[in-house]
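Residue numbers start from 1 in every chain, and the chains themselves are labelled A, B, ... in the order their sequence lines are given, proteins ahead of strands.
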Amino acid sequence: MSPIVEGFGALLDPLVLLCIAAGALLGMLVGAFPGVTATMAVALASGFTLSLEPLPGLAVLLTIYVSANFGDRVPAILVNTPGTPASISTTFDGYPMARQGRAGLALTSSAFASAWGTIVGVILLMVAAIPLSRLALNFGPAEMFALVVFGLTMMIGVSGGRIVKGLMAGGLGLLLAAVGRDPITGTPRFTFGVSELSDGIPFIAAIIGLFGIAEVMNQILVHRRGQAVEPIKDFGRWFPTRADWRTMFKPMAIGSGVGGVVGIVPATGGDIAGILGWDQARRLSKRPEEFGKGSLEGITAADTSSNSTLGGSVTTTLALGLPGDSVMAVMIGSMVVWGIQPGPSLFSNQPDLVYSIAGIMLIATVVALVISILRMRGVAKLLELPQHFLWAVILVFCMVGTYAVNNSVLDVAVMLVFGLLGLFLKRFAIPPGPVVLGLILGGLAEGNLRRALEIGGVENILTSPIALGLLTVSGLALIVPPLRGAWRARRARAVEGTTPAP
Amino acid sequence: MADMTTPPDAPTTGGARPGRRLRDLVPAAAGVALSVVAFVLAAQIPEGARLTQFSPRWWPESLAVLLLSLSLVLAAGALLRPTVVVAEDVPETATRQGTWRLVAMVASIVGYGVLWYFVDFRVSTAVLFVALTWLGGGRGWKALLLFPVVVTTILYLLFGVLLRVPL
């Protein structure tokens, strides 16, 4: 049977469809709560989906991933607070639109743009995943090591002016990944005689701690009474007119292009793509002065671009084994537990899986769009829920969910330790993403580097054009941003120096 | 006795909101300490039969050296560079009440771990929900009675009954 028919056919199972419905509701809810990110929700859901079969489990996680990228637009538009980082750019024009009495139009046009963006990303997944994985099948240890370095540095390179801290976080993740057995000789390392640590640090517990517990702890730490912003109540007209659709067409095209490209780059997600897409649309717009002041073009470009990354992120994750973004980094943990090892050989062994995943994402998009259009007003009501209920639910669900993975109290303790570690990272502006990436990729990096060096020494890496190319791009990703920042600062100082005092 | 003149949600003072320099120096010091510990622990890893060119110590020792170097670079940057405040690097200020609330919540979670050993999951979890909600500021029967019972029931049905996790 053709892998396309087989892949899409597997989705006819009623349990999978039920899981998609549950995931869509959950994703919309978590997206709508500021502070509960898609990464955190997927990490939380990992706890109770591991007892499911792989496909229904993937259906829950992928649908949360897709629909959280719809739900997060609600607080971004109504209270100027991104529900998840992917909707940062939604606030640029969404909130000004809401303040102008156009909240309804902002919410629906954002939902249509998000749906369009996700569909473009899924098409990219179906077209690019298998060829990319076939290309990566030719990679030896030197190329795989370079690919891992590339993935790590991409995440660090985009962490603003915190490159040294990002590198430290990546180093910490790699060091934590060294806990367990040596990948070549099997010698135990840093296990302190605890047999559960032989397989390494429990990954799900670590990510729930880093993303779920740490975020809640930080919210508790900084919470002030009366801090919440009163949401907008006047929604105005909901559906775009024909003229609105004509306005939205160009930014949708720009956003899809930008998001598709950004999504393919490992470790870069919807937050970056949204901002880049919004900026690109502004540059190419006939009315750039309206951007940031309630422009329909602006919100459309931002949301299309942000959601177009989803397909690209899944492609990179499944075809190369490198997490496309932080949600995918979390999802890899669950996949490995289910026996699905993301990487170049995945699609050679299970080509139908790419179509099942694409199908899940397409159905999830349609369901999330329908919920968005029909129940936006209801989702907006959620913003009025007191925060203490949310904290209690997240903390207890995190604990019980983590315990449920292996029925292990040690996992819960690890989760709490990583929660405190995550809080430390947050308070000292150290990005947690590279820690997770290091934790996932540590074994792969060490194993491949050692194999490459055993086979032919450093020349083995330096004589491979692919490895050399990837390492060069990685180096540039670390060097260029600070150099560019220094150059801009110098230019700004020079301009200040030449401007005559008033 | 607590200072009653200070509003409970007022930002903490006395260096609780560290400057850029301190926000770099503290992680740098933590990085140095961690790399030294990692290096010492790595030295205790058995070498084995040396079947391969690289011993099991090589990778963790290399990472410890990398972490140490980066920590020193961060510390040097903090001490030598002019202090420039980057908006995204400045975390939201912690409140005094938030700090106490967090400590109390973590203590409740640890207490829950102990309680769970002796008391049924449903009872201990409902008690934890009451404690967390009260510490979070929830008051009244809906917050302290209805909410814990409903959420504990959902949790038990999901994990204990549906997913058959031995709770």
Side-chain angles (χ1 to χ4, degrees), chain A residues 47-48 51-52 160-162 164-165 167-168 171-172 174-175 178 182 184-185 187-190 217-226 386-389 391-393 395-397 399-401 403-404 407 409 412-413 416 419-420 423-430 442 445-446 449-450 453-454, chain B residues 9 23-24 26-27 30-31 34 38 41-42 45-46 48 51-54 56 58-60 63-64 66-67 70-71 73-74 77 86 88-95 97-99 101-102 105-106 109 112-113 125 128-129 132-133 135-138 143 147 151 155 158-159 163-167:
Chain A
F48 59 87
S51 51
L52 295 171
R162 300 176 286 177
V164 177
K165 285 184 177 176
L167 281 171
M168 282 176 72
L172 173 66
L174 291 172
L175 199 57
D182 177 278
I184 309 279
T185 64
T187 310
R189 296 187 303 200
F190 309 127
M217 283 179 171
N218 192 51
Q219 284 180 22
I220 293 167
L221 203 61
V222 302
H223 182 69
R224 283 179 186 79
R225 257 182 249 147
Q387 204 134 21
H388 51 258
F389 290 136
W391 292 341
V393 167
L395 285 172
V396 180
F397 267 74
M399 280 192 291
V400 181
Y403 173 79
N407 302 333
V409 179
V412 182
L416 280 175
L420 292 169
L423 182 65
F424 175 83
L425 299 178
K426 219 170 198 7
R427 300 305 301 168
F428 288 96
I430 302 170
E446 181 186 2
L449 176 63
R450 276 167 65 179
L453 294 176
E454 296 272 359
Chain B
D9 283 347
R23 272 197 301 279
D24 284 353
V26 172
L34 182 70
L41 290 175
I45 296 170
L51 298 171
T52 59
Q53 203 180 331
F54 299 95
W58 175 74
W59 179 249
L63 291 174
L66 175 75
L67 195 58
L70 289 168
S71 304
V73 169
L74 186 66
V86 180
E88 67 183 82
D89 278 4
V90 183
E92 232 181 305
T93 318
T95 64
Q97 194 191 34
T99 311
R101 192 182 272 158
L102 180 63
M105 281 186 171
V106 172
I109 289 168
Y112 169 66
T125 305
L128 177 67
F129 269 119
L132 294 178
T133 313
L135 288 168
F147 169 71
V151 187
L155 202 65
L158 179 64
F159 286 99
L163 302 174
R164 296 200 182 93
V165 175
L167 296 170

### Query
So which part of B:A30 gets closer than 4.5 Å to some heavy atom of chain A, the side chain, the backbone, both or neither?
side chain
### B:L128, part contacting chain A, at a heavy-atom distance under 4.5 Å
side chain
### Side chain, backbone, both or neither of B:S71 within contact of chain A (heavy atoms, under 4.5 Å)
both
### Summary
From the list A:F424, A:F190, A:W391, the residue making the most non-hydrogen contacts under 4.5 Å with chain B is A:F190
### Task
Before giving the answer on side chain to side chain contact (heavy atoms under 4.5 Å, CB included), spell out for B:V151 and A:F397 the whole-Å C-alpha distance, their side-chain angles and the decisive distance to 0.1 Å.
CA-CA 10 Å; B:V151 187; A:F397 267 74; 4.1 Å; yes
### Query
With respect to chain A, which residue among B:L34, B:V106, B:I109 yields the maximal number of heavy-atom pairs within a distance under 4.5 Å?
B:I109
### Task
Sort out for me which of A:I220, A:I430, A:L221 touches chain B most, counting heavy-atom pairs under 4.5 Å.
A:L221
### Message
For A:L172 versus B:L67, what's the shortest heavy-atom pair and its separation?
### Response
N-CD1, 4.4 Å
### Task
With rounding to the nearest 0.5 Å, note down the distance linking CG in A:D182 to CZ in B:F54.
12.0 Å
### Query
How many angstroms lie between atom CE of A:M399 and atom OG1 of B:T125, to the nearest 0.5 angstrom?
8.0 Å
### Message
Please classify the contact between A:L425 and chain B as side chain, backbone, both or neither, with a heavy-atom cut-off of under 4.5 Å.
### Response
neither
#### Entry: A:P188 to B:P46 - nearest heavy-atom pair and separation
O-CD, 4.4 Å
### Task
Of all the heavy-atom pairs spanning B:A38 and A:L175, show the shortest one and how long it is.
CB-CD2, 3.7 Å
### Query
Is there side-chain contact between A:K165 and B:L74, with heavy atoms separated by less than 4.5 Å?
yes
### Query
For A:L167, is it the side chain, the backbone, both, or neither that has a heavy atom closer than 4.5 Å to a heavy atom of chain B?
both
### Query
Is chain B contacted by the side chain of A:I184, its backbone, both, or neither, given a heavy-atom distance below 4.5 Å?
side chain
### Message
Using side chain to side chain contact (heavy atoms under 4.5 Å, CB included), reason through A:L174 and B:W59 one step at a time and then give a plain yes or no.
### Response
CA-CA 9 Å; A:L174 291 172; B:W59 179 249; 4.3 Å; yes
### Task
Return the option, out of A:L395, A:V412, A:N218, with the maximum number of heavy-atom pairs under 4.5 Å with chain B.
A:L395
#### Entry: Part of B:L102 within contact of chain A (heavy atom distance under 4.5 Å)
both
### Message
Donor-acceptor check, side chain of A:R189 to backbone of B:P56, threshold 3.5 angstrom: yes or no?
### Response
yes
### Atom of B:F147, atom of A:A392 and distance for their closest heavy-atom approach
CE2-CB, 4.1 Å
### Summary
Heavy atoms of A:M168 and B:P27 approach each other most closely as CE-O, 3.7 Å
